[in-house]
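Proteins come first, then strands; the chains are lettered A, B, ... in the order of their sequence lines, and each starts at number 1.
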2 protein chains.
Amino acid sequence: MDDNEKYGEWFGDLSSFLPGVSIDCVIIGFDLNELNILLLKWKEGGHWMLPGGFVHKDEDMDHAASRILEERTGIRLPYLKQFHTFGDLDRRANVPLFNPVTPLGAQFKEMFDWLEQRFISLGYLSLVDMRSSVPAPDLLSETCIWKPLKSIPDLIYDHNLIANKALEQIRNQINYLPIGISLLPEKFTMKQLQILYEEILQKKVDRANFQKKMLKLGFLDRHEKQLTGGAHKAPFLYAFNREKYNLLLEKGIGYMS
Amino acid sequence: MDDNEKYGEWFGDLSSFLPGVSIDCVIIGFDLNELNILLLKWKEGGHWMLPGGFVHKDEDMDHAASRILEERTGIRLPYLKQFHTFGDLDRRANVPLFNPVTPLGAQFKEMFDWLEQRFISLGYLSLVDMRSSVPAPDLLSETCIWKPLKSIPDLIYDHNLIANKALEQIRNQINYLPIGISLLPEKFTMKQLQILYEEILQKKVDRANFQKKMLKLGFLDRHEKQLTGGAHKAPFLYAFNREKYNLLLEKGIGYMS
DNA sequence: TATCTATTGTGTGCAACTTACACATTAAAT
DNA sequence: ATTTAATGTGTAAGTTGCACACAATAGATA
């Protein structure tokens with residue numbers, strides 16, 4: 001199968017998509033040191049962008065988001081939630097995805113035209129365990145990689161705005177999102193959980209009080225110690241007790257102020 | 001100008017609207033006793049529904065919501081915010097707005113067909129001072145009236161779901177929404193503010209502690225007493241100090257737990 | 001083996017806040 | 001003048017937030 005056929009198959013018939021409606025995903029991961037965001041680099045022009053896609057006419061919105069996310073990360077059912085819809089007239093400034101004079105652009109004249117229309121985009125936020133994700137670019141992207149939140153490049157259209165809105169949501173909703181359980185591996189140290197909260201809130205928290213608060217909430221199970229550290233006391237490993245965690249989640253969890 | 005012409009003018013050319021995109025408004029008011037929601041009753045079939053409308057191709061989403069809201073309430077710039085987008089495939093069950101065999105239905109065959117397509121609807125939440133609103137039905141609605149939240153009738157499509165999602169938002173975001181300043185008249189008693197909070201939270205709060213907490217927050221100006229009460233001490237009137245209020249709003253205001 | 005180092009786990013005291021309830025105040029009715 | 005019913009303020013116990021102290025310990029060092 002040559003590239004041509006692949007492209008054709010991948011996009012399918014444009015008329016099977018809802019016109020003027022798209023989905024953009026802000027996918028956040030944590031590498032135990034800092035927060036990362038999953039980004040695509042488009043072949044044409046090298047623009048950075050959020051992973052996204054279109055919605056089939058016979059497909060629910062959430063299903064489309066879930067499908068797009070699985071295509072980019074290989075993860076099947078992570079935390080995924082619509083957080084805002086972006087519909088300003090000028091949200092897609094004059095940054096065409098295809099240049100009609102390049103070979104690739106000429107080849108996809110039809111899609112190029114289709115993309116010229118006004119689009120309303122639903123922003124979805126996803127929190128995933130980076131270490132179990134397998135980032136995969138789509139056929140028109142050069143790469144699909146994790147970038148530290150601290151160094152998000154310029155993105156096309158209003159994608160920087162979308163990403164920032166998502167991050168604002170995370171900070172505001174921190175007590176009502178499955179932060180730790182989504183972003184950390186199965187077992188982790190209290191230090192790692194604390195760094196995660198510090199990265200989200202963008203400020204230091206008191207180690208002793210953080211530990212006591214988290215333990216008091218009662219949804220962490222303590223496991224054996226991790227002996228691979230340095231010249232110091234070894235930390236316990238913890239894991240979320242899903243039952244207790246889910247019970248508390250609606251009431252708000254975690255280190256708030 | 002006969003009805004025909006009026007209808008024609010009001011809907012304009014359907015092709016000037018974005019296809020498949022609509023706006024539904026959950027407009028909340030407070031009559032000093034309970035919360036109310038603004039509803040329309042459709043002429044055809046007598047269905048109850050949320051006030052809503054469509055988006056012009058050259059119009060921002062927020063502008064469309066603002067326009068629709070002003071048309072129904074006469075209020076120009078109330079609190080208004082997008083809160084969720086409803087895009088499920090089956091969200092508009094088989095409840096046609098027009099019956100093609102009635103005179104009205106036959107007349108608007110074109111619009112009837114247009115409305116048959118799949119719609120993605122942006123839900124907007126608005127908080128308004130009921131007493132300064134002038135509810136006005138549109139040309140295809142019989143009435144536009146305030147209904148107590150406690151007795152919302154069955155609404156068409158997924159409008160009950162939309163309304164409930166909005167109410168959930170109000171409860172969750174109560175400390176970050178301009179509750180009092182949007183829903184109360186210029187001057188009000190502490191009792192009225194308390195009832196407002198109790199109506200939203202659906203639970204009683206301690207009168208003495210509520211009063212002290214609100215006063216301590218420092219954004220209420222105390223005015224002269226209201227002497228038109230009963231056989232008891234007269235309450236002070238209060239008003240929001242907008243400056244101090246706005247400063248505090250992002251940090252969260254009010255009676256939380 | 002004894003000591004040192006860096007980090008983890010827990011304790012303590014004070015201030016602030018929450019919560020429940022008591023008591024004083026007062027406009028109008030009697 | 002007294003009563004009534006609601007408002008405005010006080011107070012005490014319990015809880016939580018916050019800052020910092022101290023004890024425990026795995027590995028490094030000698």
Side-chain angles (χ1 to χ4, degrees), chain A residues 32-33 171 174-175 180 184-185 187-241 248 251-257, chain B residues 32-33 174-175 180 184-185 187-240 248 251-257:
Chain A
L32 302 185
N33 272 298
R171 276 189 287 270
I174 188 168
N175 293 320
L184 289 171
K187 292 183 181 179
F188 50 89
T189 66
M190 194 58 81
K191 179 77 174 178
Q192 291 164 347
L193 183 59
Q194 184 186 338
I195 291 175
L196 173 54
Y197 272 85
E198 288 179 337
E199 282 296 305
I200 292 173
L201 295 172
Q202 285 294 305
K203 69 174 184 187
K204 293 290 177 192
V205 301
D206 184 273
R207 181 185 62 82
N209 294 328
F210 180 82
Q211 168 134 346
K212 274 177 289 182
K213 178 153 191 173
M214 284 297 164
L215 291 179
K216 195 176 183 188
L217 286 168
F219 51 74
L220 291 180
D221 292 333
R222 181 177 278 181
H223 289 107
E224 76 287 359
K225 289 193 175 185
Q226 186 182 37
L227 297 180
T228 55
H232 53 73
K233 187 171 178 178
F236 287 108
L237 287 180
Y238 297 90
F240 285 94
N241 181 315
L248 278 172
K251 295 180 187 171
I253 276 176
Y255 204 81
M256 38 192 73
S257 81
Chain B
L32 302 185
N33 273 298
I174 188 167
N175 294 320
L184 290 171
K187 291 181 180 178
F188 50 89
T189 67
M190 194 59 80
K191 179 77 174 178
Q192 290 163 347
L193 183 59
Q194 185 187 337
I195 291 175
L196 173 54
Y197 272 86
E198 288 179 338
E199 282 295 305
I200 293 173
L201 295 172
Q202 286 293 304
K203 70 174 185 187
K204 295 289 178 193
V205 301
D206 183 90
R207 181 184 62 80
N209 294 328
F210 180 82
Q211 168 133 348
K212 274 176 292 184
K213 178 153 191 171
M214 283 297 163
L215 291 179
K216 195 174 184 189
L217 286 168
F219 51 74
L220 292 179
D221 292 333
R222 181 177 277 181
H223 290 107
E224 76 287 359
K225 289 191 175 185
Q226 186 182 38
L227 297 181
T228 56
H232 53 74
K233 187 172 177 176
F236 286 107
L237 287 180
Y238 297 90
F240 284 93
L248 278 172
K251 294 179 187 172
I253 277 176
Y255 204 82
M256 38 191 74
S257 82

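If you find the closest nucleotide of DNA chain D to Ala231(B) and to Phe236(B), the one lying nearer the 5' end belongs to Ala231(B). DNA chain D is contacted by both Tyr238(B) and His232(B); His232(B) maps to the nucleotide lying nearer its 5′ end (nearest heavy atom per residue).
The CZ atom of Arg207(A) sits 9.5 Å away from the NZ atom of Lys212(A) when rounded to the nearest 0.5 Å. Within the model, atoms CG of Asn209(B) and NZ of Lys216(B) stand 11.5 Å from one another, a figure rounded to the nearest 0.5 Å. Atom CE of residue Met214(A) and atom OH of residue Tyr197(A) lie 4.0 Å apart, to the nearest 0.5 angstrom.
Spacing between atom NZ of Lys225(B) and atom C1' of dG8(D) amounts to 8 Å, rounded to whole angstrom units. The nearest whole Å value for the distance from the CG atom in Leu227(A) to the C1' atom in dT7(C) is 14 Å. Counting to the nearest Å, the P atom of dG8(D) and the CG atom of Leu193(B) are 12 Å from each other. In this structure, Leu215(B) atom CG and dT7(D) atom P are separated by 13 Å, rounded to whole Å. A straight line from NZ of Lys191(A) to P of dA6(C) spans 14 Å, rounded to a whole angstrom. Rounded to whole angstrom, the span from the CG atom of Asn209(A) across to the P atom of dG17(D) amounts to 9 Å. Between Phe210(B) atom CZ and dA6(D) atom C1' there is a gap of 16 Å when expressed in whole angstrom units. The CD-C1' distance, from Gln211(A) to dA19(D), rounds to 16 Å in whole Å.
Put simply, Lys213(A) has a side-chain N or O that comes within less than 4.0 Å of OP1 or OP2 on dG17(D). Residue Lys233(B) places none of its side-chain N or O atoms closer than 4.0 Å to OP1 or OP2 of dT4(D).
In the set dA27(C), dC17(C), dG27(D), the nucleotide with an atom closest to the side chain of Lys216(B) is dC17(C). In the set dT10(C), dT18(C), dC21(C), dC21(C) carries the atom at the smallest distance from any side-chain atom of Ala208(B). When each of dT5(C), dA5(D), dT10(C) is scored by its nearest atom to the side-chain atoms of Arg222(A), the top-ranked nucleotide is dT10(C).
Separation of the Phe219(B) and Tyr238(B) ring centroids does not fall under the 6.0 Å cut-off.
When atom types are taken as modelled, the side chain of Gln192(B) and the backbone of Thr189(B) share a donor-acceptor pair closer than 3.5 angstrom.
The base of dG10(D) sits with one of its N or O atoms less than 3.5 Å from a complementary donor or acceptor on the side chain of Lys212(B).
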